[in-house]
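Everything numeric here is computed off the predicted structure, so don't read it as measured data. Letters A, B, ... are given to chains in the order of the sequence lines, protein chains preceding strands, and every chain is numbered from 1.
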Amino acid sequence: MKKLAEVLKDWEAVIGLEVHTELTTLETKMFCNCKNTHDDPPNTNVCPVCLGMPGALPVPNRAAIQSIVMAGLATNCQIMRHSMFYRKHYFYPDMAKNFQTTQGPVAFCMHGHLDLEVSGEGAAERPAWEDVAGDGETPISREKDGSYVAPIRILRIHMEEDAAKMVHVGGEEGRITAATESLIDYNRCGTPLIELVTEPDLRTPEEARLFMEKLQQTFKTLGISDCSLENGSMRCDGNISLRRRGETRLGTKTEMKNINSFKSLHDALEYEICRQAEVLEEGGIIYQETRHWEPSRRRTVVMRVKETADDYRLFPDPDLAPFDLTDDFIEEAREKIPELPDAKRDRYMHDYGLKRADAAQLAGDPAVADFFEKALEGAPKKAVATIANVMVNLAPSFDALSPAQVRSISGLLAEDAITFAQAREVLEAVNGTEKDPERVVDERGMRQVTDTAALEPIVDEVLARCTDQVQQYHDGNKKVVGYLVGQCMKASKGSGNPKLFNKLLTARLEA
Amino acid sequence: MANIDQLSAARIAAGVAAGEFSATEVAKASLDAIEARDEKVQAFLQVSSDLALAAAAETDRLRAAGEKLGPLAGVPVAFKDNMHLVGTRTTCASKMLENYESTFTATCVQRMLDAGATPMGKANMDEFAFGSSTESSAFHRTNNPWDTERVPGGSSGGSAAAVAAGEVTISLGSDTGGSIRQPASLCGVVGMKPTYGAVSRYGVVAFGSSLDQVGPFGRSVEDVALAMNALTAAGRDPYDSTSQPCAVDFLEHLEDPVEGMRVGVVPALMEAAGLTTEVRAAVEGAAKALENAGAELVEVDLPNIKSAIAAYYVIAPCEAFSNLARFDGVRYGYQEEGCLSLAEQTSKSRAHGFGEEAKRRQMLGAYLLSSGVYDKYYYPAQQVRTLITQDYKRAYEQCDVILMPASPRTAFKFGEMSDPTQMYASDMFTISNNIAGNGGISVPLGLGAESHLPVSVQLQGPAFSDRKLLRFARAVEKSFSARGAVAPEFAGKGGELS
């Protein structure tokens with residue numbers, strides 16, 4: 001198969017996503033008072049309503065509707081004041097009533113958008129001349145470094161209930177085919193679920209990955225879900241079709257399932273784009289089918305072919321009165337929305353002078369942002385940049401640091417008391433403990449000599465010894481100073497401050 | 001001292017409270033009446049003797065302990081077999097649920113029990129409430145106590161017959177298109193379908209969720225009002241999101257005169273094809289009686305009511321298809337054995353677990369909801385629904401209640417209505433009220449001049465005017481001095497309260 005970059009020269013990839021998010025932070029299920037957790041023993045959080053027993057009736061969870069309204073507001077959707085629940089019918093034991101309660105043509109949230117910032121290698125995935133927009137599209141404008149902002153439209157976010165979890169025993173790869181037993185755990189049945197559907201505005205696997213990442217950050221910040229792709233509380237299906245450059249009609253799409261990481265999303269789409277291109281270039285046709293991503297074999301395989309459109313016999317649920325959301329209800333939801341990642345990033349850039357990429361990394365994950373802001377508490381203003389630096393470049397390697405430890409280590413770095421390499425060593429020692437990095441530095445005698453008088457003899461000795469390098473410096477190779485710093489460090493057995501050595505050496509060489 | 005079938009609910013409750021007789025004695029009398037009469041009537045699918053005696057003993061214990069008794073203390077009550085009551089099966093008269101044990105108790109049943117009622121058992125019905133004669137019960141037919149060669153009406157035929165035969169004092173039924181009012185009419189008892197949302201549907205196996213409503217049968221308007229109090233006094237049910245608060249004392253204005261109030265009559269309906277002369281004469285007699293009582297008769301028009309049956313047979317089957325989809329033989333209910341795949345098991349369990357009418361309605365619903373068809377039928381049917389609702393609203397600007405027949409004719413013979421659409425026409429006067437969500441009540445008017453079988457009049461009122469409806473019903477009852485009588489063939493058989 002051809003490589004992605006090559007394929008995208010001839011073909012335009014049209015990608016849309018359907019993202020299901022379980023509202024894991026709610027206490028109860030969508031239409032009953034059962035506990036909204038899946039960790040308990042199978043079939044313990046169930047009642048006549050979520051088991052679909054005859055005579056049971058649904059009562060909507062108000063908090064779930066507040067959550068979806070928050071999701072809609074955070075993704076620039078129009079909140080529909082009047083909407084209804086519908087019944088979607090299919091016979092399968094994972095839905096006890098044999099219909100799923102979902103929404104019809106009008107969802108709680110309609111017509112939103114999220115702007116994606118695509119930069120670096122990811123930006124290069126999209127061929128530059130594709131930026132010329134087709135009819136009715138907004139052209140992409142790029143920065144000098146190739147980065148661009150892609151506005152991705154959201155068609156809708158609707159409210160529904162999750163199905164039960166089925167475990168097929170005895171078959172291949174846990175699929176129902178050839179299974180000898182199928183076990184059903186109804187704990188998940190009736191979990192509040194929101195489904196977001198994008199317009200087919202995504203053009204590269206990287207854009208799809210970034211969209212999911214941004215959505216995850218947004219929903220996590222809202223606190224409506226733990227958004228775990230791994231555990232399935234956030235699930236993503238990718239729809240993809242190809243068309244020749246310049247073609248306006250859409251090609252036949254395939255649907256990608258079993259995507260449980262950001263990497264899977266990118267790689268499955270990359271594979272599928274290349275596979276479709278190969279089929280089309282060989283004169284074949286793409287069938288509308290659902291395909292299963294196999295991460296171990298790095299390929300997609302057919303799950304089922306859709307010969308006819310499924311007829312779900314959708315109609316308004318007569319057990320649930322139509323919803324009329326009041327302005328007060330919507331305002332109440334709006335007030336509960338915390339600062340979103342984009343706004344937080346801008347604030348970090350403005351208030352702390354952070355670089356855009358660093359600010360975005362810290363602002364993206366609400367847990368990281370919270371940690372960062374705690375580390376800043378009581379820190380001097382000049383330490384902010386160092387704290388951010390530690391947060392971006394050091395802290396991610398450790399799983400159990402406290403904000404105070406990060407603040408302390410950053411203070412030491414800002415004073416040039418230790419080197420970056422030493423900071424890593426210290427953090428390793430304090431990770432998961434209550435220890436103060438400053439004490440560890442003292443205990444280990446790591447504190448660097450910042451007294452010029454103590455370092456000058458070493459500089460003299462090195463300059464006297466390394467006459468070749470001194471000559472090279474004077475010949476114009478200024479980089480050689482790095483070698484000389486290294487020699488000084490060695491001679492001081494690591495106790496001298498490299499920045500100070502650099503300063504002293506340069507002063508002497510330029511004198 | 002008296003036969004159980006001669007006592008009103010209020011009289012029984014008062015007697016139990018005063019210690020004149022015990023709830024246990026009343027329960028035993030009711031069981032005795034059932035024993036003596038039901039072999040021939042076959043109103044019951046299950047008689048819950050143990051539950052009845054236990055409930056009655058509890059009532060007696062409460063009285064002995066000096067506690068205040070409920071307004072239905074010791075009153076024997078039967079429940080349609082689509083209502084859950086823990087300790088009984090809820091079969092919906094279907095092979096599909098033949099062995100289904102109730103897992104919880106329906107709100108309407110619980111409220112009757114909370115008011116002190118004694119649960120005598122579960123009454124026969126058309127399978128899943130699909131029918132107007134109780135003939136589609138998978139288990140047995142129920143005979144009309146006034147003529148056992150004739151149907152009791154349906155779908156709540158067992159509930160109506162049990163009251164008409166004097167086996168119980170009150171029963172509950174459900175009404176989706178007339179299933180309380182039509183059997184009440186055919187059995188000569190009072191039957192009320194309250195406003196949609198007045199009584200909780202939680203725990204009642206759904207047929208058409210937007211149309212279903214639970215209501216009581218009794219031999220007097222007062223008994224029905226007493227039951228309405230029990231069903232609604234606790235306020236709206238948080239387990240039914242369509243239920244509404246309507247707690248008023250239904251007995252309070254029951255005896256108030258109707259003088260100066262307006263009764264609507266729809267001339268076109270009185271000319272409807274299929275309406276028999278004797279029923280028409282009886283309904284006109286009721287109108288006259290109300291006029292004599294000082295009410296004013298006004299002509300009103302319900303121009304779209306002619307499309308009610310057509311709209312109903314789109315909406316109701318669609319909802320029925322959806323509501324009955326859960327019966328797939330996977331976790332409960334009839335399960336076909338020896339199947340090799342899930343699809344085979346589901347389709348065979350449904351093919352063999354449901355009766356003909358249940359399958360007919362579900363297939364109709366499945367067709368009507370399918371893509372391409374939905375827009376042609378379901379949507380226009382909902383538009384008709386809106387038009388009918390508006391017709392009623394306009395009519396009620398001119399009158400307090402509307403008077404019309406409940407059933408176009410008296411009880412028919414078994415097997416007489418072999419064409420389903422002929423059967424569907426039994427509900428021609430009742431269906432529009434379910435479509436509009438309003439309340440309606442059938443009040444017995446004695447026996448028809450030709451058939452010598454019970455005839456009745458139906459009164460309909462605006463949404464949540466159920467108390468006013470009962471007051472008019474009481475006015476009719478008074479002027480006919482025809483309190484629903486126990487069918488003569490069964491009156492006094494067993495049921496002696498010693």
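Options A:P316, A:P58, A:P54 differ in how many heavy-atom pairs under 4.5 Å they form with chain B, and the most are formed by A:P54. By number of non-hydrogen pairs under 4.5 angstrom with chain A, the leading residue of B:C92, B:S370, B:S209, B:S322 is B:S322. In terms of heavy-atom pairs under 4.5 Å with chain A, the best-connected choice from B:C318, B:A325, B:S210 is B:A325. Of the residues considered (B:L324, B:T90, B:N323), B:N323 shows the highest number of contacts with chain A, using heavy-atom pairs under 4.5 Å. Of the listed residues B:V330, B:D240, B:V373, the one with more heavy-atom pairs under 4.5 angstrom with chain A than any other is B:D240.
Residues of residues 317-331 of chain A that come within less than 4.5 angstrom of chain B, heavy atom to heavy atom, are A:P318, A:D319, A:L320 in numerical order. Within residues 46-53 of chain A, the residues having any heavy atom under 4.5 Å from a heavy atom of chain B are, by residue number, A:P48, A:V49, A:L51, A:G52, A:M53. Listed by sequence position, B:Y374, B:Y378 are the residues of residues 374-389 of chain B in contact with chain A, using a 4.5 angstrom heavy-atom cutoff. Of all residues in residues 103-111 of chain B, those placing a non-hydrogen atom less than 4.5 angstrom from a non-hydrogen atom of chain A are B:T103, B:F104.
Of the atoms belonging to B:A343, not a single heavy atom falls under 4.5 Å from chain A. B:N82 does not touch chain A: none of its heavy atoms, backbone or side chain, sits under 4.5 Å away. If you measure heavy-atom distances from B:S371 to chain A, the contacts under 4.5 Å come from both the backbone and the side chain. Only the side chain of B:R331 has a heavy atom closer than 4.5 Å to any heavy atom of chain A. Only the backbone of B:V204 has a heavy atom closer than 4.5 Å to any heavy atom of chain A. In this structure, the portions of A:F315 lying under 4.5 Å from any heavy atom of chain B include both its backbone and its side chain. When heavy atoms are compared at a cutoff of 4.5 Å, A:P60 approaches chain B solely by way of its side chain, counted from C-beta outward. With a 4.5 angstrom heavy-atom cutoff, A:Y186 touches chain B only via side-chain atoms.
A:H89 and B:L369 make their closest contact through CE1-CD1, 4.4 Å (heavy atoms, listed as atom of the first residue, atom of the second, distance).
Between B:L342 and A:P93, some side-chain heavy-atom pair lies under the 4.5 Å cut-off.
To the nearest 0.5 Å, atoms OH (A:Y92) and OG1 (B:T346) are separated by 10.5 Å.
The number of heavy atoms from other shown groups lying within 6.0 Å of CD (A:E27) does not exceed 12. Other residues, nucleotides and ligands place no more than 12 heavy atoms under 6.0 Å from the OH atom of B:Y239. Other residues, nucleotides and ligands contribute only 12 or fewer heavy atoms inside 6.0 Å of the NZ atom of A:K165.
Side-chain atoms of A:R313 come within 3.5 Å of backbone atoms of B:A366 as a donor-acceptor pair (strictly under, hydrogens ignored).
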